[in-house]
Number of protein chains: 4
Amino acid sequence: MAEQNILKEMFFDGEDLTEKQRQIIIAAIESFSEKGFAATSTSEIAKKAGVAEGTIFRHYKTKKELLLSIVSPVMSKLISPFIMKDLYKVIDQRYEKYEDFLRAMIYNRKEFLIKNLPVLKIMVQEIPFHDELREQFKEHVAKEIYQRMSKFVEHYKQKGEIIEMPTFSIIRFTATSIIGHVLARYVFFPEANWDDEAEIDRTIHFIMHGLAAKQ
Amino acid sequence: MAEQNILKEMFFDGEDLTEKQRQIIIAAIESFSEKGFAATSTSEIAKKAGVAEGTIFRHYKTKKELLLSIVSPVMSKLISPFIMKDLYKVIDQRYEKYEDFLRAMIYNRKEFLIKNLPVLKIMVQEIPFHDELREQFKEHVAKEIYQRMSKFVEHYKQKGEIIEMPTFSIIRFTATSIIGHVLARYVFFPEANWDDEAEIDRTIHFIMHGLAAKQ
Amino acid sequence: MAEQNILKEMFFDGEDLTEKQRQIIIAAIESFSEKGFAATSTSEIAKKAGVAEGTIFRHYKTKKELLLSIVSPVMSKLISPFIMKDLYKVIDQRYEKYEDFLRAMIYNRKEFLIKNLPVLKIMVQEIPFHDELREQFKEHVAKEIYQRMSKFVEHYKQKGEIIEMPTFSIIRFTATSIIGHVLARYVFFPEANWDDEAEIDRTIHFIMHGLAAKQ
Amino acid sequence: MAEQNILKEMFFDGEDLTEKQRQIIIAAIESFSEKGFAATSTSEIAKKAGVAEGTIFRHYKTKKELLLSIVSPVMSKLISPFIMKDLYKVIDQRYEKYEDFLRAMIYNRKEFLIKNLPVLKIMVQEIPFHDELREQFKEHVAKEIYQRMSKFVEHYKQKGEIIEMPTFSIIRFTATSIIGHVLARYVFFPEANWDDEAEIDRTIHFIMHGLAAKQ
DNA sequence: CATGAATGAGCTTTCATTCAT
DNA sequence: TATGAATGAAAGCTCATTCAT
């Protein structure tokens, strides 16, 4: 129930979907993320959503279109904070250090990630098998984020905040460390007894200073 | 063809499979990793392997059993260097510093990973959807590797080589950085113009010293 | 065609089946009784019924469910005259002698048996191989009929109409004689030149007086 | 084990079957009688018999031939006492009354029936579905028995022992009563607490004198 | 004589999709 | 707009039978 409310917020704000359509999407997200796209049947979705099989195809021409209609908007929203106008100025003024910037980014995207975990799981699972998704991800997510991140990274490099190293590598190290945190925290060991703030601090410290003991 | 030879080495050393059985496994690996397990039909595998569909089921009672027979042995081999007897002594003598140990591990597993990329892709893709795989991975891969890594990490912590931080976090940071390297290098951008040695150096440097510029 | 009409009457009175569903049942009865349940394929039924194979499984989850949906209602109707309320009173008033009762029963069930011969054949053939059918038959047919027959038999025994002998044996002799008549008449030699009334008389005479010549 | 010995006696006396062949027949009888011919797979028989699948087809060209090789000899032996030479004389001298004859027949065939119950079950089950079996049964069992029984019945009718009634009916009543006994005793309620001699007496009494109380 | 790998046709069942209502 | 009966292709799997060894 709680999850359903959250999903509604994310998905249905400002969109005019019928009640049935919402049920279909909620049911599809649940099934796709539990069993995978290919292993989920439309009849199963229909049953879970409490609609007739035909109703799904009234709204989505094919099963794949249903998948895209779920994953695409989340992809768009995933990068939204990066495509703010005047982002650079804001950043420049507010975050003196790279780690301040990182912390802000992490806190900014955290809620979004938690809310959208099932859809993000579907996205990650299905990207390798669907050209449209892969294309969309590359063009509108990876590329966008990479380009904007590059600017910041180069900015902080020029300021002498961060090490001289290919920008690509810096972004990669940053990204994998943060994604690793999210996966560990929310996917692999959600039940563990986490001190979230401390773990984020550790992650940022690792990104900035690595594992070597200070001499 | 080249790939087939590699697969043969990995899979068929010392096992007595019929020629048809080998063809089935090679075909299944190809299809599963390209389209996913659920989206691959047994008739497609049969056709690709050049056998009758019935032949598959003579050797593997179900499609799932075929999947497991592909993934399980690779899982076992994945951790084999970690379960060497007297590993600790060897390590202790040979690797004075944590980064030496890391470098050795990376080079040790590199060939294995490259050779088994398709099967590892299948493994990663299917673990979320098959209890048996998940259980097997947790019990025989994750747990084993974690326990042994813990010993090393604590060893280097005591030696004052690495920072005081929860062992779990240290392992996580180390693992995600290395996995991130492998994914970038072999999965996402295999075509790029890599200077492998330099990139491994950078990865290890990042793990040890982070991104902060030296003052 | 004639047979189809009869089947419709028996099966579809008061039930709301689609036209296709009726065709499926009619085709299934024909095939099951001709070739046996296990030797009949669903594709054959579909073809004979003029529907797609998928249609069968829309209405009956499995082939076995289709079998049960055919046999079960006939089992129920088979015993219906025995479970009339106030049956005992009616009998008591109307049939002074056991043979009157027998004659009434035979004529009562005769039409039913003739109409349902194919389904009854399926029932008899498949009971040994399907636990559900066997259980259903034991609980709802054999037991019911036996209990009610017992009352009558004991009633006529007390009246001195019939011989002192275990009730079970009396019912058995009665039943096998009548069933033997039905089998001979309608199953083994339906083409023979029967004088139905005379044969029923003979059967009842045999039950009552046996084969011994009167001295 | 005990059953296996009995089966061997019945089946394998004087026939030169290999050990494997015997195992196949024993396994086939068990499976056919438990699940029916059509629902039994040859691989199942092979497994139960402890032979390779191919071995079955070395001895029996088809699955059906295996069925016939099981049922046919039992059919032949079923009527063997009826086709004794000089049977009529023997009968004439030994059995003054029809019931003496019946009793002798029942005791004569009893052991045979018990020993061959599984095969007889197969025979009864499969006759409706296999023309060869039906033909064989009609020609070599039903017809033979009917013709010989006719002679006896007419003999006893002439002697005034039994009632004036069409011979066919007399045979039918006799047969169904006896078969009913066998089914009740050995098929439907083998576990019940039977007084065999008494029940046979009752059966013969019923055949001779029916159910009417003596006035 | 016996094996068991291999076959391909056929099995029951599921599927995404259509369409008359 | 929503339904759900109907579809036919294709799914995973089983089968009786063959044949090289």
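Labels below follow one simple rule: chain letters A, B, ... track the order of the sequence lines, proteins then strands, and each chain is numbered from 1. Hydrogens, waters and symmetry mates play no part in the numbers below; they use all other heavy atoms, side chains included.
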Please check if the side chain of K63(C) supplies one atom and the backbone of F37(C) the other of a donor-acceptor pair under 3.5 Å.
yes
What's the [atom1]-[atom2] distance between [X] and [N], to the nearest Å?
X	N	atom1	atom2	value
Q21(C)	dA5(F)	CD	P	8 Å
L66(A)	dA16(E)	CG	P	11 Å
E19(B)	dG4(E)	CD	P	21 Å
I45(C)	dA6(F)	CD1	C1'	17 Å
I56(D)	dC1(E)	CD1	P	17 Å
R22(A)	dT1(F)	CZ	P	16 Å
I24(D)	dG4(E)	CD1	C1'	14 Å
K47(D)	dG4(E)	NZ	C1'	13 Å

Where each residue is assigned the nucleotide of DNA chain F containing its nearest heavy atom, which of G54(A) and F57(B) is assigned the position nearer the 5′ end?
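Result of the comparison: G54(A).
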Heavy-atom nearest nucleotide on DNA chain E for A38(A) versus G50(B): which residue maps closer to 5'?
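Its nucleotide being nearer the 5' end, the pick is G50(B).
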Whichever of F37(C) and E53(B) has the more 5' nearest nucleotide on DNA chain E, that residue is E53(B)
Would you say a side-chain N or O of [X] is under 4.0 Å from OP1 or OP2 of [N]?
X	N	result
K63(A)	dA16(E)	yes
T18(B)	dA6(E)	yes
S43(C)	dC11(E)	yes
T55(C)	dA5(F)	no
S41(B)	dA10(F)	no
K61(D)	dT18(F)	no
H59(C)	dG4(F)	no

Within 6.0 Å of NZ in K64(D), more than 12 heavy atoms from elsewhere
yes
So, E53(B) versus T42(B): side-chain donor-acceptor pair below 3.5 Å or not?
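The criterion, which ignores hydrogens and geometry beyond distance, is satisfied for T42(B) and E53(B).
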State, yes or no, whether a side-chain contact exists between H130(A) and L67(A) at a heavy-atom distance under 4.5 Å.
yes
Quickly, which of Q136(A), E135(A), R134(A), E132(A) forms a side chain to side chain contact (heavy atoms under 4.5 Å, CB included) with I127(A)? Name it, please.
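Of all the options given, the one that passes is R134(A).
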Under 3.5 Å for both donor-acceptor distances, Watson-Crick or wobble: does dC15(E) have a partner, and if so which one?
dG8(F)
For dA2(E), give its Watson-Crick or G-U wobble partner with both distances under 3.5 Å, or none.
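Base partner found: dT21(F).
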Carboxylate-amine/guanidinium contact E44(C) K35(C), below 4.0 Å
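Answer for the salt bridge query: yes.
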Nearest to side-chain heavy atoms of K20(C), which nucleotide of dT7(F), dT17(F), dT13(E):
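Closest nucleotide to the K20(C) side chain: dT7(F).
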